[in-house]
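Here is the structure we will look at, set down as structure tokens.
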2 protein chains.
Amino acid sequence: MELTERKKRILRAIVESYIATAEPVGSKAVAQLAGLDVSSATIRNEMADLTEMGLLEQPHTSAGRIPSATGYRLYVNELMGEHQLSMQETQRINDALEMKIEELDRVIDRAGKVLSKISDYPVFSMTEVKDIVTVRRYDLLMVEENAFIAVVMTDTSVVKNKIIRIPDGLSDPQLQMLSTILNSSFTGLSREQMAQALDKVADHSTPGAFRLISMVVEFAIEVLGELRRQTVHTAGITQLLEHPEYKSLDKAKPLMRFLSDDETAQLPIPFDGSQNMNILIGPENVNEAFRDTSVVMASYDIGDNMRGVIGVVGPTRMDYAKVTARLSYFADSLTRMFGKGELPAPVDKDDFET
Amino acid sequence: MELTERKKRILRAIVESYIATAEPVGSKAVAQLAGLDVSSATIRNEMADLTEMGLLEQPHTSAGRIPSATGYRLYVNELMGEHQLSMQETQRINDALEMKIEELDRVIDRAGKVLSKISDYPVFSMTEVKDIVTVRRYDLLMVEENAFIAVVMTDTSVVKNKIIRIPDGLSDPQLQMLSTILNSSFTGLSREQMAQALDKVADHSTPGAFRLISMVVEFAIEVLGELRRQTVHTAGITQLLEHPEYKSLDKAKPLMRFLSDDETAQLPIPFDGSQNMNILIGPENVNEAFRDTSVVMASYDIGDNMRGVIGVVGPTRMDYAKVTARLSYFADSLTRMFGKGELPAPVDKDDFET
DNA sequence: TTTAGCACTCGGGGAAACGGAGTGCTAAAC
DNA sequence: GTTTAGCACTCCGTTTCCCCGAGTGCTAAA
């Protein structure tokens, strides 16, 4: 059967009405909404066709129609209009992202919160490292009689520090020497290589020096591990409850459990990297808990070496037009903000203007 | 009327049964649970007395009794036994708190998650600065042709860094000079004083140098502001839904909204600092959303200058014995971990053993 | 091909009926 | 005086039943 222009208009009207109201849409309502000058009976015939084609579904015989997963898919691929962001919204996004001291992790966390607020749905986000991260340099700063700060900077320009206590104190030349050893023998290495290098150094250095070196190196290894680990953040899980499909707790709970369990440092939602934006509708999700749930995600770049994915979770009756518009703007902003190779990750744009 | 020993045992049996089952407790059940060798009729008489005394309530005429807020209060103050933590549990807490690179903020965030997991209730936590925090020292590290890292250390031993870009490059002596100015003129000052000091320095330094100084100082001001700000974290909000009193969404939603709104950087739950542990039962809470909800909180020290409060939120039918036991162990661990003045906040205990 | 008309379906919601747990009271027993 | 058995009563939660109405699919006419 052919999908005529009229059928498309009807489908679109149904999808949009259902998105707005969460109520099955009857033929009479469609007759008005679609702006077609035909009677409800005609619409009924068309709707029967659309149902036959698998684009619509009937909760029960005497109810209106709701879109099926394929119906949504068609809507998303072909019928959905471009949603414009209002000035206010772009402003709000920009304000929120213009953060100060914040580090990578916290920027992402915050970004999720903002996106969740403006989209009315829960949001998850995660980062992954494309390539191997290594330490670019070490700095050691004496701060007290018996403590120094180890500053580690990775080749992705992430900087972390840690205070290290030393009961015995340390002279400037000693510190200098440590620094030299660290910078010459423990840069540009993978985590595994670092561990090996540590063994080598153990042989020709004093026990005391070795102890300090290994403390710094272990810290560096942790930093690298921390970066590599795929971390998942979620925000606004509660928003699920605002949508009628989750008013029955049975529906909401599995999903909420799933989302709030960010211990499982990996969210089993595959992202197809060949496209910037992924939309998974209902049963297209692999995961069982997402059978009636859609996920819209976008990726953004964090420098050259890392990538982030940020996604919105909601009922299949999600306002795809609105969500995709916000999400893509958001992902673009993040990419721009992380400066794609020009700027180290956790630095904000103010730094350009010095 | 006098509160005889028997009445106490009955009250305790009722509270504990209700905590366990969330079902009103009938006289027959009490007869068994309380281990008193009397008939249900006797218990009924006693229960009528307890109801008259305001310690029990009857949801409706033909239902069993449930504890009233004052009933819980009495239970908490007098009847509740000490709950022992199992080895496993202490182990779990210890493992979870033994964190590596993590900073203050993240430690607290994580602590909340762990506590929420082991207590089965949502948890909130916040920190506050007792006194004024100032910068103790600055370090500047050249990392590239055109960028340096500013490392700021506060007198509470929190260390933060930021990469600062400079289009023109900078010689070593220049950097040295900047560092000297910063360390001599911008340490030990409050945020307001720093802003003023900046004005003064503006007069007798070159525009270029001033630009850089002000960037570092502004960063420092942000750091101080960040620390002072009362930040609230919440964890495990979803756990609310696991408890039957929140199975109706009407009950759960206001509370969840309240808890998840950590934009309101201040949780309006007063903490009485004169005691280490605070328990607020149902109507004892000021906030309307907490009418049927109890809050158990404990404070812990973060160094000398900061204090944290971590609290558990649940239905009035909360397992107070279990929660208080875990919470106090937890708060103690945190205090110990933050080393009360000996150790800078975001450093873990490994550092002792060098 | 569209439309009016109509019988039919089926879910949601309200009213009514039921069952049972638990109470309070009374009167007897200890 | 206190405890206990017995019993009538209350009232909630559940189930059952029935009705209403929205919406459909079909038929026949325009």
Side-chain angles (χ1 to χ4, degrees), chain A residues 1-11 13-15 17-18 21-68 71 244-245 247-248, chain B residues 1-11 13-15 17-18 21-68 71 244-245 247-248 250-251:
Chain A
M1 195 178 306
E2 207 201 346
L3 191 65
T4 63
E5 196 55 38
R6 191 166 72 181
K7 283 195 173 57
K8 284 187 187 173
R9 284 184 72 165
I10 290 172
L11 176 60
I14 291 176
V15 171
S17 165
Y18 187 64
T21 66
E23 298 288 337
V25 192
S27 51
K28 214 165 156 190
V30 176
Q32 287 198 307
L33 291 169
L36 296 167
D37 225 5
V38 291
S39 78
S40 64
T42 311
I43 304 280
R44 272 204 290 285
N45 289 329
E46 296 282 51
M47 281 164 79
D49 291 350
L50 286 167
T51 308
E52 203 182 325
M53 296 162 78
L55 296 170
L56 294 180
E57 279 172 3
Q58 232 174 338
H60 20 267
T61 333
S62 70
R65 302 298 208 290
I66 63 174
S68 71
E245 21 274 288
K247 75 174 190 299
S248 138
Chain B
M1 197 176 306
E2 206 201 344
L3 192 63
T4 64
E5 198 55 39
R6 191 166 73 181
K7 282 195 173 58
K8 283 187 187 173
R9 284 184 71 164
I10 291 171
L11 176 59
I14 291 176
V15 171
S17 165
Y18 187 65
T21 66
E23 298 287 336
V25 192
S27 51
K28 215 167 159 190
V30 174
Q32 289 200 305
L33 291 169
L36 296 167
D37 224 8
V38 291
S39 77
S40 62
T42 312
I43 303 280
R44 272 205 289 287
N45 289 329
E46 296 282 52
M47 282 165 76
D49 289 351
L50 286 167
T51 309
E52 204 182 323
M53 295 162 78
L55 297 170
L56 293 180
E57 280 172 2
Q58 232 174 339
H60 17 266
T61 331
S62 70
R65 301 297 208 290
I66 62 174
S68 70
E245 20 274 289
K247 73 174 192 300
S248 138
D250 310 338
K251 302 276 177 192

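In what follows, chains carry the letters A, B, and so on, assigned in the order in which the sequence lines appear, proteins first and then strands, with residues in each chain numbered from 1.
- Of the possible polar contacts, none joining the A/Ser27 side chain to the A/Ile43 backbone as a donor-acceptor pair under 3.5 Å is found.
- Between A/Ser40 and A/Pro59, the one whose closest nucleotide on DNA chain C sits nearer the 5' end is A/Ser40.
- Atoms CG (B/Asp37) and P (D/dT2) sit 19 Å apart, rounded to a whole Å.
- Applying the Watson-Crick and G-U wobble criteria (two distances, each under 3.5 Å), D/dT16 pairs with C/dA15.
- Taking 4.0 angstrom as the limit, A/Arg44 places none of its side-chain polar atoms (N or O) nearer than this to OP1 or OP2 of C/dT1.
- Atom CD in A/Glu52 sits about 11 Å away from atom P in D/dC26, given to the nearest Å.
- Contact record, A/Ile66 with A/Pro24: CG2-CA, 3.7 Å, taken as the closest heavy-atom pair.
- When both pairing distances are held under 3.5 Å, D/dA30 makes a Watson-Crick or G-U pair with C/dT1.
- Between B/Ser39 and B/Thr61, the residue anchored closer to the 5' end of DNA chain D is B/Ser39, taking for each the nucleotide with the nearest heavy atom.
- Between the CD1 atom of B/Ile43 and the C1' atom of D/dT4 there is a distance of 12 Å, rounded to whole Å.
- Here the C1' atom of nucleotide C/dT1 and the CG atom of A/Asp49 are 13 Å apart, to the nearest Å.
- The shortest non-hydrogen separation linking B/Leu50 to B/Leu11 is CD1-N, 4.2 Å.
- Distance CG (A/Asn45) to C1' (C/dT3): 10 Å, rounded to an integer number of Å.
- With rounding to whole Å, B/Ile14 atom CD1 is found 12 Å from C/dG22 atom P.
- Listed candidates were D/dC11, C/dC10, C/dT3. Nearest to the side chain of A/Thr42 is C/dT3.
- Residue B/Gln58 has its side chain nearest to C/dT23 when only C/dG11, D/dG25, C/dT23 are considered.
- Atom pair A/Ile10:CD1 and C/dT2:C1' shows a separation of 13 Å (rounding to whole Å applied).
- Each of B/Ala41 and B/Ser62 has a nearest nucleotide on DNA chain C; the 5'-most of these lies closest to B/Ser62.
- Taking CG of B/Leu36 as the reference point, atom CZ of B/Arg6 lies at 7.0 Å (rounded to 0.5 Å).
- The side chain of B/Arg65 places an N or O atom within less than 4.0 Å of a non-bridging phosphate oxygen (OP1 or OP2) of C/dT23.
- A/Val30 places none of its side-chain heavy atoms less than 4.5 Å from the side chain of A/Arg65.
- Here the C1' atom of nucleotide D/dA22 and the NZ atom of A/Lys28 are 9 Å apart, to the nearest Å.
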